[in-house]
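In the text below, chain A, chain B and the rest are named by the order of the sequence lines, each starting its count at 1.
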Amino acid sequence: MGSFDKLNSMKKEMAKIYEPSKYEDGIYKKWEESGSFQPEAGQPQADNLDNLKLDKKAESYIISMPPPNVTGTLHMGHGVTLVIEDILIRFNRMRGKRVLWLPGSDHAAIATQTKVEKILKEEGMNRHELGRDKFLKRVEQYAQESHDTIIGQMKKMGSSCDWSREAYTLDEMRTKAVRSVFKMMFDDGLIYRGERIVNWCPRCHSTLADDEVEYKAQKTKVYTFKYSRDFPFAISTTRPETKLGDTGVAVNPKDKRYKKYIGEEYKVDFCGVRLKLKIIADRGVDMKFGTGAVGVTPAHSFIDGQMAEKNNLEIKKVINEEGNIHEDFVGFSGKNILEAREEIVKKLKAQKLLTKEEEIDNNLSLCYRCDTPIEPLPSLQWFIDVNKKIARYKKSLKELSIEAVKKGVFNREKIRIIPERFVKNYFHWMNNLRDWCISRQIWFGHRIPVWYCRGNDMEQCLPDCKKPIVSINTPKECPACGSKDLVQDKDTLDTWFSSGLWTFSTLANSPDQIKIKNKRLIIDSDDFKKFHPTSVLETGYDILFFWVARMIIMTTYAVQDIPFQDVYLHGLIRDALGRKMSKSLGNVINPLDMINKYGTDAVRLSLVIGTTPGNDMNLSEDKIAGYRNFTNKLWNIARYIITNPPATARHERAGYELRTRLPLRGTSGQVTNYEFDQEKLTNADKYILEKMGYLIDEITGDLNDYSFSQAGEKLREFTWAEFADWYLEVSKFEKSKEKSLILFYILENLLKLWHPFMPFVTEKIWEEMGKAKMLIIEKWPLNTSLIKGDRGINNFEIIKNIISAIRIIRAENKIEPAKKIKAVIFAGEQMNLIKSQEILIKSLRTGISELEIKKSGVKPKNAIAISIGGIEIHIIGAVDKEKEKERIVKEIENLEKLIKSAKIKLSNKDFLNKAPGKIVKAEMKKLKERENELEKLKKAGKS
RNA sequence: GGGUCUGUAGCUCAGUUGGUUAGAGCGCUACGUUGACAUCGUAGAGGUCUGCAGUUCAAAUCUGCACAGACCCACCA
């Protein structure tokens with residue numbers, strides 16, 4: 001059987017409706033098994049099967065996937081990230097780049113520990129009862145399960161990432177990187193340990209970084225009272241219970257009321273507790289708030305702490321790590337804050353010291369993980385100094401990070417942030433950054449790589465023994481005294497410390513590739529050489545500071561390079577009404593449910609089209625259903641084309657049967673499988689081919705510019721409105737020999753252009769077309785000029801307009817669909833064109849049974865006349881005279897209005913003088929055309 | 001208190017450097033199985049682009065102010 005016969009015997013069957021769930025998993029498996037996700041694998045540079053190797057000089061393109069937390073399941077936010085990154089990855093893969101999308105997950109210390117603690121609580125246990133080791137086992141087990149779920153879900157989204165390189169923030173390589181960078185920073189004096197007021201979460205039993213604290217507006221009471229009868233004036237506070245730790249009272253230096261007291265010291269008995277209070281002056285005190293005097297509680301307020309430092313006040317801790325009153329305070333010891341507050345207020349009332357009690361608006365600080373109120377309290381913690389100059393850079397971490405975005409560092413272009421407005425936010429945040437508290441008192445995470453020597457007896461140790469031992473590997477003995485009695489710091493590191501290293505730590509394939517050389521962290525791997533810095537970092541704008549900024553800090557410091565060249569920030573997903581999705585509101589749209597119902601491709605489109613970078617987007621099930629309809633439309637376009645298989649020898653050459661032939665050369669010299677017989681091309685053919693060319697250019701440009709939504713909309717418009725609604729319809733009536741070849745050509749290109757957006761349905765259709773190679777590694781199309789000589793866009797546009805005009809007339813005059821009508825066209829200069837397109841004008845839902853085309857003539861009686869661009873169309877029969885008159889009057893009115901405004905514009909000397917000639921000319925041309933139309937209409941109206 | 005963003009059709013949003021009669025999807029109305037698709041087709045209604053002022057020959061687009069909403073940062077004792 002010859003290949004030609006084979007082709008004809010291949011009468012394809014395709015389901016009437018595309019059912020995503022039938023194909024998606026299978027397609028993903030095929031991609032994965034083919035190795036196409038790996039940068040080493042087959043790349044689209046190849047034009048035939050013998051040449052599937054990657055071009056060695058290919059440009060690298062890499063995205064480090066923001067690692068999802070191993071705390072549960074995938075939500076729509078992850079969905080957007082995965083879709084946008086997959087679009088970029090697939091697009092660049094098809095363009096022949098060496099592409100790596102590196103996936104991973106984040107141990108998310110506090111978040112994960114909190115989840116497991118909740119589970120334990122349900123079992124009636126807590127982590128302390130379980131003990132550190134057993135607890136950690138429990139967390140790891142949970143993390144593993146959660147990880148597996150999430151990975152499965154990521155695959156469901158169609159993510160074409162290289163699973164062979166999957167990383168985890170807590171695995172061996174990443175741990176080595178964390179410890180190395182810690183050591184470098186410690187040796188540079190950037191990491192220090194100090195007693196400072198920190199944000200303390202009494203539930204997590206841990207510190208939090210400044211940006212891990214959330215604020216909630218609330219009403220609270222302000223109490224105004226005297227500490228005791230012998231204290232001269234009253235103070236105001238919202239937290240009477242902390243006043244037990246007051247060691248001073250601050251007033252504004254300008255405040256005449258209190259000037260005389262400044263510098264005085266008072267010993268008072270405050271609710272049974274002896275307080276020593278020094279009156280200090282501080283410009284920060286608001287004279288108008290309360291009494292204008294404020295009790296200074298150095299241990300439990302950041303500002304008071306600063307005042308205390310300046311004025312040498314004693315620091316007295318009132319609240320302990322449990323969030324209860326410290327045991328030193330007889331009568332209050334062990335009580336929780338609210339109890340203590342009530343009690344103190346009661347006592348003050350009894351002593352008639354309380355003079356005022358009023359409600360004000362106030363912000364309550366909360367833990368971002370568990371919503372427990374934060375207590376500022378002094379604690380011994382590890383910090384990163386962001387202001388200290390680093391000798392080899394002559395800059396601080398802060399300055400280095402600002403410069404990377406402002407003008408670029410280490411000979412790199414400045415980091416580009418999209419949308420640009422976030423650059424301002426970034427600078428603002430960086431400029432105000434305080435030292436970063438990196439120690440956490442939780443168990444799950446990177447243990448701080450610091451050991452202390454206990455010796456046999458501290459007193460006998462050398463002075464150096466008291467220094468912390470910072471080491472990448474667990475030290476065997478104290479370097480100072482040789483004692484083997486070492487103990488590791490109990491704390492763990494802030495989870496963002498490890499994720500801050502993500503772009504480079506993930507490029508190490510084994511721990512021994514991570515080295516420190518000349519005060520620089522070296523990742524000695526091929527991957528690092530090829531893939532760092534990464535091309536783009538794509539994530540939600542809500543973690544610009546948490547993560548993006550920290551990657552810039554850590555990477556510039558450690559590896560002396562930027563982590564990424566571009567930052568693309570997407571918005572948050574909200575529900576159809578613009579509300580945040582939350583469990584309590586019950587408005588969460590689960591990506592997996594939607595995938596099961598509508599297919600991955602529909603979900604992907606809904607997350608990308610109709611969105612703007614950095615702006616929040618509203619998502620509704622209706623929207624997803626709409627894109628499901630679109631995937632089905634595409635499927636049916638393909639179904640129509642494929643199940644009417646081409647039957648010429650040239651289709652065979654175009655790759656539909658034999659795949660061993662060399663590709664043909666297109667007219668522009670670009671490699672293409674297609675070549676058309678120019679003589680045979682109709683107006684519609686030229687139109688669609690030319691538009692396809694423009695489309696390719698535009699989509700390529702849009703994807704390069706991160707304009708995903710625009711690209712998607714253009715593609716949708718072309719696919720549905722141009723290709724399906726017009727060209728496909730034309731193809732049913734216009735029997736040119738080139739037709740089916742062109743249909744395949746357009747379909748093929750559309751599938752390629754759509755593939756990054758909807759990988760599954762396009763790959764499935766590709767398979768239905770009988771292609772040998774998978775679409776995922778096909779070559780991105782080029783705008784090759786397949787048409788010689790005159791272009792078709794304008795000509796076919798005229799035909800489209802004529803057909804539309806006739807349809808409008810039919811609808812307006814309520815001509816029954818089944819009723820055939822007669823039309824006469826006075827074509828003027830377009831005589832030849834219109835004559836050649838007679839069949840289309842008669843066939844495309846115009847219901848014309850008789851069509852007469854003349855150069856010009858006398859208007860037929862009882863006809864409706866319309867005129868488009870100098871062509872007159874007369875519809876005969878079924879004329880509703882009233883309707884027709886109405887239409888003409890309306891049209892004349894409209895035209896007169898337009899003509900009037902154009903005339904005004906053109907009589908304006910300033911317009912003529914100052915507007916560019918092009919605009920003026922266009923305006924004049926428009927006026928002339930409209931005047932012609934008007935004249936014709938008026939003539940028609942008379943008869 | 002400091003800052004950012006948004007306000008365009010009933011709803012969700014596009015609208016690139018100012019320049020055709022301001023667009024799309026959904027929804028709505030009327031009609032409709034012509035060789036893929038009713039998850040479809042044809043046609044239609046619907047907007048003084050939040051308001052005011054300014055710059056300009058020309059403003060949805062640039063500037064200022066006002067109003068409404070969202071968010072970020074700092075945080076008040």
Side-chain angles (χ1 to χ4, degrees), chain A residues 14 16-18 210-211 215 222 235-239 242 250 284-286 289-290 293-297 301-304 360-363 365 419 421-422 424-425 428-429 432 541-542 544-545 571-572 574 576-578 598 602 609-612 614-620 622-623 625-644 702 705 707 709-710 713 716-717 721 724-725 728-729 732-733 804 807-808 810-812 814 816-818 843-845 847 894-895 897-898 901-902 905 908-916 918-920 922-923 925-926 930:
Chain A
M14 274 174 82
K16 206 168 171 181
I17 284 168
Y18 173 66
D210 290 343
D211 44 67
Y215 297 92
V222 185
I235 58 144
S236 301
T237 183
T238 54
R239 300 200 56 188
T242 64
V285 178
D286 183 355
F289 188 91
V294 49
V296 181
T297 321
S301 151
F302 288 93
I303 289 196
D304 291 9
I360 59 155
D361 293 316
N362 165 284
N363 274 330
S365 317
R421 65 171 192 271
F422 285 100
K424 278 185 210 162
N425 293 9
H428 185 257
W429 187 81
N432 293 299
Y541 66 77
D542 53 328
L544 174 63
F545 305 133
L572 269 41
R574 298 168 174 281
L577 302 169
Y598 301 106
I609 301 182
T611 69
T612 318
N615 283 11
D616 293 353
M617 52 190 115
N618 296 0
L619 185 67
S620 61
D622 283 354
K623 190 176 172 186
Y627 288 112
R628 185 270 320 266
N629 295 356
F630 180 73
T631 56
N632 190 58
K633 183 75 185 180
L634 184 65
W635 175 260
N636 271 290
I637 290 170
R639 178 170 179 244
Y640 176 69
I641 295 171
I642 295 168
T643 55
N644 294 286
D702 286 343
D705 294 342
S707 301
S709 182
Q710 251 182 58
E713 269 168 47
R716 185 185 194 283
E717 159 77 16
D725 290 349
L728 234 48
E729 292 306 315
K732 291 173 185 170
F733 302 99
S804 293
R807 286 176 186 165
I808 291 167
R810 287 194 72 111
E812 274 183 357
K814 301 227 184 304
E816 284 160 44
S843 313
L844 292 178
R845 286 170 209 267
N894 185 30
L895 272 172
K897 219 168 73 189
L898 291 173
S901 77
K905 214 174 192 180
N908 184 341
K909 272 180 205 154
D910 286 329
F911 176 69
L912 295 173
N913 293 334
K914 290 181 185 171
K918 218 169 71 185
I919 303 285
V920 177
E923 197 69 27
K925 192 181 158 203
K926 237 165 34 189
R930 281 171 191 160

Contact under 4.0 Å: N618(A) side-chain N or O vs rC13(B) OP1/OP2: yes
Validation row: D542(A), L572(A) side chains within 4.5 angstrom (heavy atoms): yes
Candidates rU20(B), rA36(B), rC72(B) - which lies nearest the side chain of E729(A): rA36(B)
Under 3.5 Å donor-acceptor pair, K732(A) side-chain atoms to rA36(B) base atoms: yes
Distance, P atom - from rA22(B) to rG44(B), rounded to whole angstrom: 16 Å
Minimum-distance nucleotide (side-chain atoms of R421(A) versus rU21(B), rA43(B), rU4(B)): rU4(B)
Least distance between heavy atoms, G290(A) atom then S236(A) atom: CA-OG, 3.3 Å
Sugar-phosphate only, base, or nothing, as touched by R639(A) at under 4.0 Å among non-hydrogen atoms: sugar-phosphate
Given RNA chain B, 5'-ward residue of the pair N629(A) and F302(A), judged by closest heavy atom: N629(A)
Which nucleotide in rC76(B), rG25(B), rU21(B) has an atom nearest any side-chain atom of S301(A): rC76(B)
Distance-minimising heavy-atom pair for Y215(A) and S365(A): CE2-OG, 3.5 Å
Sugar-phosphate only, base, or nothing, as touched by D725(A) at under 4.0 Å among non-hydrogen atoms: sugar-phosphate
Which nucleotide in rA36(B), rU21(B), rG19(B) has an atom nearest any side-chain atom of P916(A): rG19(B)
First of R930(A) and T612(A) reached from the 5' end of RNA chain B, by closest nucleotide: T612(A)
Pairing partner of rG44(B) (Watson-Crick or G-U wobble, both distances under 3.5 Å): rC28(B)
Base-pairing assignment for rC37(B) (Watson-Crick or G-U wobble, both under 3.5 Å): none
Separation of rG2(B) C1' from W429(A) CH2 (nearest whole Å): 18 Å
P atoms of rG7(B) and rU63(B), separation to the nearest Å: 14 Å
Touch class at under 4.0 angstrom, heavy-atom based, for L728(A) against every strand present: base
Pairing residues for F911(A) by the side chain to side chain contact (heavy atoms under 4.5 Å, CB included) criterion, not counting sequence neighbours: K905(A), L906(A), N908(A), A915(A), I919(A), V920(A), E923(A)
Sugar-phosphate, base or nothing in reach of V285(A), heavy atoms under 4.0 Å: base
rA14(B) to rG25(B) separation - P atoms, rounded to the nearest Å: 16 Å
Touch class at under 4.0 angstrom, heavy-atom based, for I808(A) against every strand present: sugar-phosphate
Results of side chain to side chain contact (heavy atoms under 4.5 Å, CB included) for V296(A) - residues two or more places apart only: A250(A), I280(A), P298(A), D304(A), M307(A), L313(A)
Q710(A) side chain, from C-beta outward: closest of rU4(B), rG15(B), rA43(B): rG15(B)
Touch class at under 4.0 angstrom, heavy-atom based, for N908(A) against every strand present: sugar-phosphate
rG51(B) pairs with, by Watson-Crick or G-U criteria that keep both distances under 3.5 Å: rC65(B)
Proximal nucleotide (of rU4(B), rU39(B), rA43(B)) relative to the K424(A) side chain: rU4(B)
Non-hydrogen atoms of G614(A) and F422(A) that approach each other most closely: CA-CE1, 4.0 Å
Whole angstrom value for the distance that separates P of rU4(B) from CG of N615(A): 15 Å
base_contact_polar (rU39(B) base, R628(A) side chain, donor-acceptor, <3.5 Å): yes
Touch class at under 4.0 angstrom, heavy-atom based, for G610(A) against every strand present: sugar-phosphate
Phosphate OP1/OP2 of rC76(B) contacted by N362(A) side-chain N/O (<4.0 Å): no
Whole angstrom value for the distance that separates P of rG19(B) from NZ of K918(A): 12 Å
Sugar-phosphate only, base, or nothing, as touched by R810(A) at under 4.0 Å among non-hydrogen atoms: nothing
Value in whole Å for how far the C1' atom of rA74(B) lies from CG of N425(A): 14 Å
rC26(B) to rC62(B) separation - P atoms, rounded to the nearest Å: 30 Å
Residue I17(A), side-chain heavy atoms: nucleotide from rU4(B), rC57(B), rU39(B) that is nearest: rU39(B)
Opposite nucleotide pairing with rC71(B), Watson-Crick or G-U, both atom distances under 3.5 Å: rG3(B)
Any side-chain donor near an acceptor of the partner, Y541(A) and D616(A), under 3.5 Å: yes
Interatomic distance, E717(A) CD vs rG25(B) P [rounded to whole Å]: 8 Å
Inter-nucleotide P distance (rC71(B), rU56(B)), Å rounded: 39 Å
Sugar-phosphate only, base, or nothing, as touched by Y215(A) at under 4.0 Å among non-hydrogen atoms: base
Pairwise C1' distance, rG69(B) and rU50(B) [rounded to whole Å]: 11 Å
Nearest-Å distance for atom pair CG/P, residues D622(A) and rA24(B): 20 Å
Heavy-atom closest pair, residues K16(A) and R639(A): CG-NH1, 3.5 Å
Closest to side chain of K16(A), choosing from rU4(B), rA38(B), rA43(B): rA38(B)
Sidechain-backbone polar pair: R810(A) side chain, G847(A) backbone, donor-acceptor under 3.5 Å: yes
Shortest side-chain distance from R716(A), nucleotide among rG25(B), rA36(B), rA43(B): rG25(B)
Nucleotide rU56(B), atom C1' - distance to CG of N913(A) in whole Å: 15 Å
Candidate nucleotides rA14(B), rC57(B), rA70(B), ranked by approach to the side chain of R574(A) - the nearest: rA70(B)
Sugar-phosphate, base or nothing in reach of K926(A), heavy atoms under 4.0 Å: sugar-phosphate
rC40(B) versus rU4(B) - spacing of their C1' atoms, nearest Å: 45 Å
Rounded distance in Å - CZ (F733(A)) to C1' (rG35(B)): 9 Å
Geometric cation-pi criterion, K633(A) with Y18(A): 6.0 Å, 45°: no
Touch class at under 4.0 angstrom, heavy-atom based, for D705(A) against every strand present: nothing
Pairing partner of rC76(B) (Watson-Crick or G-U wobble, both distances under 3.5 Å): none
For rC57(B), the Watson-Crick or wobble partner whose two distances fall under 3.5 Å: rG19(B)
P gap between rA70(B) and rC75(B), integer Å: 23 Å
